[in-house]
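Below is one structure, written out as structure tokens; the observations come after it.
Heads up: numbering here begins at 1 and tracks the sequence. Only this structure's heavy atoms are used, side chains among them; waters, hydrogens and symmetry mates stay out.
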Amino acid sequence: MKYEKLNKVVRTELSNLNLKINEKNICILSEQDYDQIFWTLLKAENNPSKSVKKVKFTAQLNSYVDSNRSSYSADFLIKNPAKLIRPSPPIREDNINEIQEVVSFDTFFIQSLEMQELSDEALFGRLLYCAVRHGGLLNQSHLNSFLSLLYNKQLQSAKGLIWFELRGSANEPYNWTPDNLTVLLIKHWYNTQACFEIIRSPEHYLRRFLLLNPAQTRTNIKLSWLFRVINSLLYLSLTPFSLPLLTGKEINLTLKLQPLLRLISEKTPPLSIDHAQPEESSKTHAIPSITQESTNSKSFLNSKALLTSVKQQLREYKKRKHNDAESHKNPNKSMSLANAIKNEPMLKENNILPVTKLLVEWTHSRLTRQSRWSGKLKPSTLLSYLGSVAIPLQVHIGYRDPLNMSIDELEDIYLLIIDAGKNTAVKARRAKILRDFHILLELDYQVKPCYIFQSFIVAGNKDQANLVDANILMPWEYDNAIDFLQQSAEITGLFDLKRKAVSVSLILGFRCGLRRSELLFLKLSDLEWSISNENTIPNLATLIIWPSQARELKSISAKRRLPIGHLLNEQEKNIFADYCTERLKLGLEDSEFLFYFGDKSPLFSRDAQGVHANHLFMPLTTLLQRVTGDNTFRFHHLRHSFATWLFWYWTADIHKFSHPIPALQKHPTFKHLTDAKNHIFNRNEDQPARNTLHTISSFIGHSGPSITLCHYIHSAHWIIWSDLQQQLPDLTDKAKATLSGFTTRTLYREINKKEHSSTYFDGFNRFIQNKLAEHVSNIYPESIVCTDSWLTLSPNTIAPLTQITPTAIDELLIYDALLQHVNNDVNRTTCIKNYNIDEMLFDKAIANVHYFFSQQQSPHKYGKVKLRFKNSSRRGYIGSQKVKKVAVDKLVKIPKQENIQLVIGEILNRYNVLPVDDQKK
């Protein structure tokens, strides 16, 4: 924004400061100047005079500073105070009477448990009221889903546990475990009203029951009113984080079916394993060094100039179309616009961010072709789209190439951009735009699909199977993996240094929740303790996650310091210290990275030597898939595991490990976390801590707990179940006998059974759950999920790790360099330096490319050449226009999917072992 375009009020305040003006006629503010003018403008903004219209003065000031950022020093930071909106209090003086009405409903509910004369509709309304009041179903979508599943007897059961797979408003799955009283009422309902047909809404049946209350004065009871008042009442007793989850204001994803069954059964589904010989090769890969020319601020400035140029072309086309009523009827004009964007001169420059080039390519693509979700986009639409997501994508991805990033990293960035939207409509719009952009990466570059957008786009296609990826590693599975990696090379299939490196990677993923790139590019200097003088890790040791030349972090929040000395137990500290000792023996001359196997650096890469991601993550992923029996398990699920288990164990003072799933009792793997919490929160064991959620969010590298709670913590509903159980009323023996249908003698025997340590799931409640599961299985056999064929794994039953080692990575690097040189006209010397490849091999590859292109032409009898096409006509189509085919002068881009890269690597490996004569054939 230029100075002349600023509002008069802003210009007046700037002139009053007598600021320094540089040679470009730009006002340069100090941080003190900025703070002074910000508060003055904010006051004027909130209290505008009659002569001044309401204008966002502070937004103009920030825009002016941001547009002239190149004139400021790198240490100038805008630190705007955030405007905190105080949430409305759940309980106010004017709704105390409403809460008393719900209290009277509770009294009537307890009395009705011994009544025999209730109608069918009132009985069903009583069941729904119990599910809402004591089961926490304060979400309209969840209650409707429960009604449907209950009527169709589609509950699920395994090992005596009953749950319902409900659906939310965005079609997200929610595994709801009903409270003990609701389970008792469900059993009573199935026993007495098997022929009752449910044809009305939940509100109708609730009203039929609640209006029977003799103390009721309200004639019209609405479901929304009941939800609101019960929410206010629960605020007095439940943990505050759980209320937005119960009402649906915040989404919390529960575990998928397979990990839930692993948690319940403590077993592993069988997984086919291909046995192979232990790996012998220890070849590593040099990380392409990032030259200074490509990492300075010019990249951002040139990328910004490129996008500005593209936007200007779209804007000018929009103006011409507005002035010329006939322009929209001529498709050649939009085609010429697309060609102008495609041939933008700045695209050939080397210091353009990769994501910016992809955004320009996406703009050209959507002008000329349709997508899965819509037809071609108008220039005005693309102009708006770029304005919404271009800058956030550039900021969060930075210098990295999206095509080389894992799908987990891309999902994290997409979520960060979407969740930054100020309301639901903005989030849905950003999700649609990013989905459209990601489709280009899928179609043209074979990047893996991304399914996170559907939870934000309610009106879009809802893929139920792929909507979420809520999966975690169980503690006994983690123990098996760690124990397996401590065995010999003959058993694990990994040479000694690599085996220790994979162990450390597993520990840091499970205990610290590191991302792939954060783990891979850890440096020895990031370990903030004396690794040369310590044979273990001290309790006060910390691990710093900081951006470096080889790795840009997702956001400012990703910069963090982790108390690794408290997050790891003693065995894990010894494993980590042992690897550090072995790593130091290799020295720091060739590499400063933590993960390094000792290969000498190739050309131009003295400061960028490290382990290729496949050598570290492929054996670890293979191991994780075997211990879980899940061939979709990935390293990223360790982040989910870290957040889920840490939240569960750090809230033990609330739930006291009371849950119907026996595996959720205190596990030895997490025994040390109690001391860790006391130290980190500086508290005694019996003192509560109210910032647990925010602390875990900061550990995982998020700016706030919203994303963490929605996508990573899958233990919240376990805590909510325990919270609600503590609020259940005590039932008389008569009420239990009436509802269960058993004699008091049988109930007395079951009540006194204490086979499990759960306070809220004694013998009677487990007895009722088993009887309900048995009753429903006779009518609906699919409700019982059988895990009898699953296995109990041990470290001795895990086969040696096998993998396709990407030893042909050098050829792939050369091809990537050729793409830059041939397709983007990048200088030959720059390509050799950036990709750390041999000069002679690269020259040979360039010669082969020229030979390949020359084969498209054949001599003509008059001394000319003509294009030669096989099995194809000489003409093709661009859009709806028929055009002559031209010679191919660009190389095809290799898909970046990891499995495809491995197949290509295997083909190259087999080619390289052929005799020279066979290679020429």
Side-chain angles (χ1 to χ4, degrees), residues 131 135-146 148-149 154-159 161-179 182-183 238-239 241-265 415 451-452 454-456 462-474 628 630 632-633 636-637 639-649 651 654-655 658-661 663-664 693 696 705-725 783 785 787:
L137 287 186
L138 300 177
N139 185 319
Q140 176 76 61
S141 301
H142 288 168
L143 188 60
N144 291 337
S145 181
F146 171 64
S148 174
L149 296 176
Q154 292 180 344
L155 53 82
Q156 292 182 296
S157 173
K159 300 295 182 181
L161 180 70
I162 300 291
W163 75 92
F164 291 83
E165 188 175 297
L166 309 180
R167 291 282 165 178
S169 58
N171 207 40
E172 74 279 2
Y174 179 79
N175 292 321
W176 177 65
T177 305
D179 61 282
T182 302
V183 171
L238 291 191
T239 312
F241 85 89
S242 60
L243 296 176
L245 305 184
L246 293 177
T247 57
K249 291 182 179 179
E250 297 284 346
I251 296 176
N252 177 250
L253 305 179
T254 58
L255 291 178
K256 295 191 301 184
L257 179 61
Q258 201 258 23
L260 177 61
L261 293 177
R262 293 187 353 245
L263 176 67
I264 296 172
S265 66
L415 286 172
Y451 301 103
I452 63 167
Q454 309 307 330
S455 60
F456 298 95
K462 302 180 181 67
D463 192 327
Q464 297 182 359
N466 297 310
L467 185 61
V468 296
D469 196 14
N471 202 347
I472 61 172
L473 187 69
M474 307 304 161
T628 60
D630 183 359
T632 66
F633 202 94
H636 190 73
H637 291 132
R639 275 174 66 80
H640 294 249
S641 308
F642 166 73
T644 298
W645 289 117
L646 192 61
F647 190 60
W648 172 249
Y649 277 86
T651 53
I654 301 173
H655 54 72
S658 298
H659 199 274
I661 301 178
L664 292 180
L693 191 57
I696 295 175
S706 177
I707 299 178
T708 312
L709 189 59
C710 177
H711 299 281
Y712 289 91
I713 293 178
H714 310 301
S715 52
H717 65 292
W718 306 341
I719 300 171
I720 293 173
W721 187 93
S722 299
D723 271 359
L724 291 171
Q725 287 296 122
S783 65
V785 183
T787 58

Checklist entry - Do Leu257 and Trp163 come within less than 4.5 Å of each other through their side chains, counting heavy atoms only? => result yes
Checklist entry - What are the two closest non-hydrogen atoms of Pro178 and Ile162, and how far apart are they? => result CD-O, 3.5 Å
Checklist entry - Are Leu263 and Met474 side-chain neighbours, meaning at least one heavy-atom pair lies under 4.5 Å? => result yes
Checklist entry - Taking atom CH2 of Trp721 and atom OG of Ser715, what is their separation to the nearest 0.5 Å? => result 15.0 Å
Item to check | Pairing residues for Thr651 by the side chain to side chain donor-acceptor pair (under 3.5 Å) criterion, not counting sequence neighbours | outcome: His655
Checklist entry - Checking Asn252 side chain against Ile713 main chain: does a donor-acceptor pair fall under 3.5 Å? => result yes
Checklist entry - What distance separates Leu245 CG from Leu253 CG, expressed to the nearest 0.5 Å? => result 10.5 Å
Item to check | Donor-acceptor under 3.5 Å (Asn175 side chain, Leu255 main chain) | outcome: yes
I'd like a table of donor-acceptor pairs (distance under 3.5 Å, sequence neighbours excluded) in which one partner is a side-chain atom from residues 641-648, with atom names and distances.
from   : atom 1 : to     : atom 2 : distance (Å)
Ser641 : OG     : Leu473 : N      : 2.7
Ser641 : OG     : His637 : O      : 2.9
Thr644 : OG1    : His640 : O      : 2.7
Thr644 : OG1    : Tyr712 : O      : 3.0
Thr644 : OG1    : His714 : N      : 3.1
Trp645 : NE1    : Leu473 : O      : 2.9
Trp648 : NE1    : Leu664 : O      : 3.3

Checklist entry - So, does Ser722 use its side chain to make a donor-acceptor pair with the main chain of His659 at under 3.5 Å? => result no
Checklist entry - Does Ser145 use its side chain to pair, donor to acceptor, with the backbone of Arg167 at less than 3.5 Å? => result yes
Checklist entry - Are any of the side-chain heavy atoms of Ser706 and Glu250 separated by less than 4.5 Å? => result yes
Next on the checklist: To the nearest 0.5 Å, what is the distance between CD on Glu165 and CZ on Phe146?
Outcome noted: 15.0 Å
Checklist entry - For the atom pair CD1 (Ile661) and CD1 (Ile264), what is the distance rounded to the nearest 0.5 Å? => result 5.0 Å
Checklist entry - Do Leu693 and Leu709 have side chains that get closer than 4.5 Å, going by heavy atoms? => result yes
Item to check | Pairing residues for Leu724 by the side chain to side chain contact (heavy atoms under 4.5 Å, CB included) criterion, not counting sequence neighbours | outcome: Leu234, Leu238, Ile720
Checklist entry - Do Asn144 and Ser141 have side-chain N/O donor and acceptor atoms under 3.5 Å apart? => result no
Next on the checklist: With side chain to side chain contact (heavy atoms under 4.5 Å, CB included) as the criterion, how do Asn471 and His636 come out once you've worked through the C-alpha distance, each side chain's angles and the decisive distance to 0.1 Å?
Outcome noted: CA-CA 9 Å; Asn471 202 347; His636 190 73; over 6 Å; no
Next on the checklist: Distance check, rounded to the nearest 0.5 Å: Leu166 atom CG versus Tyr174 atom OH?
Outcome noted: 8.0 Å
Checklist entry - Closest heavy-atom contact between Trp176 and Gly135? => result NE1-O, 2.9 Å
Item to check | Shortest non-hydrogen separation from Ile472 to Arg262 and the atoms involved | outcome: O-NH2, 2.7 Å
Next on the checklist: Using the side chain to side chain contact (heavy atoms under 4.5 Å, CB included) criterion, which residues pair with Ser265? Sequence neighbours excluded.
Outcome noted: Lys159, Lys267, Thr787, Trp790
Item to check | Residue pair Thr254 / Pro173: nearest heavy atoms and the distance that separates them | outcome: OG1-O, 3.8 Å
Item to check | Thr239: side chain to side chain donor-acceptor pair (under 3.5 Å) partners, not counting sequence neighbours | outcome: Asp723
Item to check | Residue list, side chain to side chain donor-acceptor pair (under 3.5 Å) with Thr632, at least two apart or on another chain | outcome: Asp630
Item to check | Leu143 side chain near Asn139 side chain, heavy-atom distance below 4.5 Å | outcome: no
